[in-house]
Visitor: 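Structure below; questions to follow.
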2 protein chains.
Amino acid sequence: MSQHRPPGAPERPVAVPALPDLPEATVARLPEYLRALHNLAENGHDTVSSEWLATAAGVNSAKLRKDLSHLGSYGTRGVGYDVALLIDQIEYVLGLTQRRTVALVGVGNLGHALAGYDGFATRGFRIAALFDADPVRVGEEINGLVVRHVDELSRVATEESIAIGVIATPAAAAQRVADRLVAGGVTSILNFAPCVLSVPDGVDVRKVDLAVELQILSFHEHRKASLTALPAVGEAPLTPLPGNLAATDPQEAIGT
Amino acid sequence: MSQHRPPGAPERPVAVPALPDLPEATVARLPEYLRALHNLAENGHDTVSSEWLATAAGVNSAKLRKDLSHLGSYGTRGVGYDVALLIDQIEYVLGLTQRRTVALVGVGNLGHALAGYDGFATRGFRIAALFDADPVRVGEEINGLVVRHVDELSRVATEESIAIGVIATPAAAAQRVADRLVAGGVTSILNFAPCVLSVPDGVDVRKVDLAVELQILSFHEHRKASLTALPAVGEAPLTPLPGNLAATDPQEAIGT
DNA sequence: CGCGATTTGTGCGTGTCTTCACAAGCGCTT
DNA sequence: AAGCGCTTGTGAAGACACGCACAAATCGCG
Ligand SMILES: NC(=O)c1ccc[n+]([C@@H]2O[C@H](COP(=O)([O-])OP(=O)(O)OC[C@H]3O[C@@H](n4cnc5c(N)ncnc54)[C@H](O)[C@@H]3O)[C@@H](O)[C@H]2O)c1
Ligand SMILES: NC(=O)c1ccc[n+]([C@@H]2O[C@H](COP(=O)([O-])OP(=O)(O)OC[C@H]3O[C@@H](n4cnc5c(N)ncnc54)[C@H](O)[C@@H]3O)[C@@H](O)[C@H]2O)c1
């Protein structure tokens, strides 16, 4: 991807002197634009209108234009955006011009899936090390990488200049792991464990929690059901009346 | 969890007549509060102050109080919130008083991890069916569930009153799967495939994209590096100068 | 060379979210 | 029974995000 421009051209129409400080909401959308742009590039498009790109990314076109305007003016009025150029710009801003190294900690159920995920490599990242605490797992080879013991984490993170740490251990171990990552100089962490991490200033943590996503969906289900209250969908005993909260709760022990 | 109250008590101090319409931002935080509350309950606390709970959930205490105030007044001034009561309230609002059924589509790398995840069961959900298109996988038994062919998806979803569909197929197949889920009456979808889904009004889609998370972290890394430009941390060749954009990109085909 | 069709970039009104700061309320102690 | 310390619930202000709508810019065509 993105070997546009004839090899011997004068090049560098690009001009991003310093990083503009983008609204956080914009930053969160840029990866989506980037993905859509890569799809377009594959399909042979070399320019795209804000309308088209916005649709492909699932957002409002005005929002998209405003987002892109924060990077500078890389569109052409009456024409649209140059796909290849825009890819370069977004990749530059996101810091994807250098492939970032990732350390994955916790090679269990989820960790295995992540370790084998090619979306890492194809979108700007390289898994450089795997760690686990379980002696059985240590030494195992996955995708050409040998699982190391978590005691080596800080040292290896420093040595290999790990940029991002991914935590896929049980919640109980997550804080300890985070501490070791920080000790190893890692300043960005992606946390899959359902717990809040406390880290020093300057360290960014993002959290992905499957159960949270499901619970948000559950809320909307609940909401939809309570609106359709009269028609009685038949989907659920929909109880908007308070009185059986604990009654409908034969489950127990929602643990750490 | 949540068998508080002596079995023979008069009970029902609870009073949530109808679903208040909560700000979306609040809804997104409630699951986090709920998790923190369950932890507290396990550790034997029966009341908690907004300050404490806010810290446990990683948010500002004023924000937490405002969030909870949307559910009604379930705190006691000078004391705090009753942990058990608050758990019931949040679970009620999130619609977790009935266990929601989940269908998982795409039992590959990631799907296997999800199917084996106990966080589903412990936090209000039940995987009721697994689907895949690969004949090799169909028939496989995972955790007591037999993988069915995706052609059965719509029918089974209807029959089993599936509340939430989880898509863990390649991006190319995701839209088709979403269509079948919708056809089966599913109105909530959690999508792990990196693509936008188009669904009818009334259907909620949430997306989890690992690469997006990493790219957001990458942006902040880039940002931090460009701020520390002079001190030259030694962590990376930090190139704030544009000039090697396409040069560092020998990868290709990020595809549908 | 000029005109019309097209599409970007953005000023501005609107709504949502966050945060501060404090009055009101509760329980405990004296 | 009154006072005191503590914590909730919320009004108001500020910050942020969104989306409309349009002027400015560009291209293609006659
Ligand atoms: N499996 C899923 O689909 C899924 C989905 C969302 C979130 N999660 C979360 O991801 C985390 C991992 O889930 P899982 O299903 O892979 O669990 P798992 O038990 O299968 O794997 C956890 C791994 O972490 C290792 N580990 C434990 N303590 C460690 C430590 N101190 N240092 C390094 N490694 C350590 C274990 O040896 C094990 O290999 C959990 O917090 C879980 O809640 C899992
Ligand atoms: N593996 C990860 O860690 C990870 C992380 C984030 C996102 N994802 C995304 O999740 C999705 C799945 O990833 P994966 O690594 O498990 O891939 P995978 O190839 O291992 O699994 C995909 C599964 O989907 C099945 N499938 C294909 N077409 C189907 C269809 N039409 N209907 C039903 N099933 C179908 C395949 O048979 C296969 O079993 C991908 O979109 C990937 O980008 C994966």
Side-chain angles (χ1 to χ4, degrees), chain A residues 13 15-16 20-33 36-37 40 45-87 89-90 93 216 219-220 223, chain B residues 13 15-16 20-33 36-37 40 45-87 89-90 93 196 216 219-220:
Chain A
V16 179
D21 51 352
L22 309 174
E24 195 52 36
T26 296
V27 174
R29 282 186 295 263
L30 288 180
E32 207 60 41
Y33 303 156
L37 284 165
L40 285 170
H45 297 74
D46 47 355
T47 66
V48 63
S49 72
S50 64
E51 203 68 50
W52 217 110
L53 184 53
T55 304
V59 301
N60 179 303
S61 72
K63 183 151 61 180
L64 177 128
R65 286 199 298 278
K66 185 152 291 183
D67 283 342
L68 295 186
S69 78
H70 288 123
L71 315 187
S73 284
Y74 296 110
T76 309
R77 294 171 187 221
V79 177
Y81 297 91
D82 180 290
V83 172
L85 177 58
L86 203 46
I87 286 177
Q89 286 306 326
I90 295 180
V93 168
I216 294 172
F219 168 81
H220 291 295
R223 199 144 200 323
Chain B
V16 178
D21 52 352
L22 308 174
E24 194 52 37
T26 296
V27 173
R29 283 187 294 265
L30 288 180
E32 206 60 42
Y33 302 156
L37 284 165
L40 285 171
H45 297 75
D46 47 355
T47 67
V48 63
S49 73
S50 65
E51 202 68 51
W52 218 111
L53 183 53
T55 303
V59 303
N60 180 305
S61 71
K63 183 150 60 180
L64 177 129
R65 284 198 300 277
K66 185 147 288 187
D67 283 342
L68 294 186
S69 77
H70 288 121
L71 315 187
S73 284
Y74 297 109
T76 309
R77 297 174 184 221
V79 178
Y81 298 89
D82 181 292
V83 172
L85 176 58
L86 204 46
I87 286 177
Q89 287 305 327
I90 295 180
V93 168
V196 300
I216 294 172
F219 168 81
H220 291 294

Visitor: Heavy atoms, side chains only, cut-off 4.5 Å: are Tyr33(B) and Leu86(B) in contact?
Guide: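 When only atoms from C-beta onward are counted, Leu86(B) and Tyr33(B) do not touch, as no gap falls below 4.5 Å.
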Visitor: Could you work out, with side-chain hydrogen bond (donor to acceptor under 3.5 Å, both in side chains) as the rule, every residue matching Ser50(B), not counting sequence neighbours?
Guide: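 With neighbours one apart ignored, the set is Arg65(B).
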Visitor: To the nearest 0.5 Å, what is the distance between NZ on Lys66(A) and CG on Leu64(A)?
Guide: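 Going from the NZ atom of Lys66(A) to the CG atom of Leu64(A) covers 12.0 Å.
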Visitor: Report yes if some heavy atom in the side chain of Leu37(B) is under 4.5 Å from a heavy atom in the side chain of Leu53(B); otherwise report no.
Guide: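 A side-chain contact exists here, since the closest heavy-atom pair is under 4.5 Å.
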Visitor: To the nearest Å, how far apart are His70(A) NE2 and dA17(D) C1'?
Guide: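 To the nearest whole Å, that distance equals 10 Å.
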Visitor: Report the distance from atom CD of Glu51(B) to atom P of dG9(D), rounded to the nearest whole Å.
Guide: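 My rounded result for the distance is 14 Å.
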Visitor: Whole angstroms only, please: what is the CH2-C1' distance between Trp52(B) and dT8(D)?
Guide: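 Distance, rounded to whole Å: 19 Å.
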Visitor: Taking all non-hydrogen atoms of both residues into account, name the closest pair between Leu85(A) and Asp82(A) and its distance.
Guide: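 For Leu85(A) versus Asp82(A), the nearest heavy atoms are N-OD1, 2.8 Å.
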Visitor: About how many Å separate OG1 of Thr26(A) and CG of Asp21(A), when rounded to the nearest 0.5 Å?
Guide: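 These two atoms lie 11.0 Å from each other.
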Visitor: Without decimals, in angstroms, what is the distance between Leu68(B) CG and dT18(C) P?
Guide: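 After rounding, the reported distance stands at 14 Å.
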Visitor: Minimum heavy-atom separation for Glu32(B) to Ala57(B), with atom names?
Guide: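 Taking Glu32(B) first and Ala57(B) second, the nearest heavy atoms are CG-O, 3.8 Å.
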Visitor: Determine: side-chain N/O of Ser49(A) to OP1/OP2 of dT7(C), distance under 4.0 Å, yes or no.
Guide: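 So the side chain of Ser49(A) is outside the cut-off, no N or O lying under 4.0 Å from OP1 or OP2 of dT7(C).
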Visitor: Of the residues in residues 58-66 of chain B, which ones touch DNA chain D at a heavy-atom distance under 4.0 Å?
Guide: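 Arg65(B), Lys66(B) - these, ordered by number, are the residues of the stretch whose heavy atoms sit under 4.0 Å from the strand.
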Visitor: With sequence neighbours left out, what residues match Arg29(A) under salt bridge (charged side-chain N to carboxylate O under 4.0 Å, His left out)?
Guide: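 Listed in chain order: Asp67(A).
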Visitor: Please name the pair of heavy atoms, one in Pro31(B) and one in Ile216(A), separated by the smallest distance, quoted to 0.1 Å.
Guide: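 Smallest interatomic distance, heavy atoms only, reads CG-CG1, 4.3 Å.
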Visitor: Within a strict 4.5 Å, meaning less than it, do heavy atoms of the Leu68(B) and Tyr81(B) side chains meet?
Guide: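 The answer is yes, as the side chains (C-beta and beyond) meet within the 4.5 Å cut-off.
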Visitor: Just how far, in rounded Å, is C1' of dT26(D) from OH of Tyr81(A)?
Guide: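 Checked: the OH to C1' distance equals 14 Å.
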Visitor: Heavy atoms only: give me the nearest Ala56(A)-Ala36(A) pair and the separation to one decimal.
Guide: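 So the minimum-distance heavy-atom pair works out to CB-CB, 4.0 Å.
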Visitor: What is the distance, rounded to the nearest whole Å, between atom CG of Leu85(A) and atom C1' of dT8(C)?
Guide: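 Checked: the CG to C1' distance equals 14 Å.
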Visitor: Using a strict heavy-atom distance below 4.0 Å, which residues from residues 25-33 of chain B are in contact with DNA chain D?
Guide: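 Close to the strand, none.
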Visitor: Through what angle, rounded to 10 degrees, does the axis of the helix from dC1(C)-dG30(D) to dT30(C)-dA1(D) turn between its ends, using five pairs per end?
Guide: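 Both end axes considered, the difference amounts to 0°.
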Visitor: Would you indicate, yes or no, if dT7(C) has its OP1 or OP2 atom less than 4.0 angstrom from a side-chain nitrogen or oxygen of Tyr74(A)?
Guide: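 For Tyr74(A), the contact criterion (side-chain N or O under 4.0 Å from OP1 or OP2 of dT7(C)) is not met.
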Visitor: For Asp21(A) and dC16(D), what is the distance between atoms CG and P respectively, to the nearest whole Å?
Guide: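 That distance rounds to 10 Å.
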Visitor: Measure the distance from CG on Asp82(B) to P on dT8(D) and round it to the nearest whole Å.
Guide: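 It is 13 Å, rounded to the nearest whole Å.
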Visitor: For Glu24(B), report the nucleic acid contact type (base, sugar-phosphate, nothing); a contact means any heavy atom under 4.0 Å.
Guide: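 The residue Glu24(B) makes sugar-phosphate contact but no base contact.
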Visitor: What I'd like to find out is whether the side chain of Leu22(B) reaches to under 4.5 Å of the side chain of Leu71(B), using heavy atoms alone.
Guide: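 Result yes, sub-4.5 Å side-chain heavy-atom pair found.
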Visitor: Apply the test side chain to side chain contact (heavy atoms under 4.5 Å, CB included) to residues Trp52(B) and Leu40(B): give CA-CA distance (whole Å), side-chain angles for both, the deciding distance (0.1 Å), then the verdict.
Guide: CA-CA 10 Å; Trp52(B) 218 111; Leu40(B) 285 171; 3.8 Å; yes
Visitor: What does the B/S/- profile of nucleotides 25-30 of chain C look like, 5' to 3', with a 4.0 Å heavy-atom cutoff to protein?
Guide: BBS---
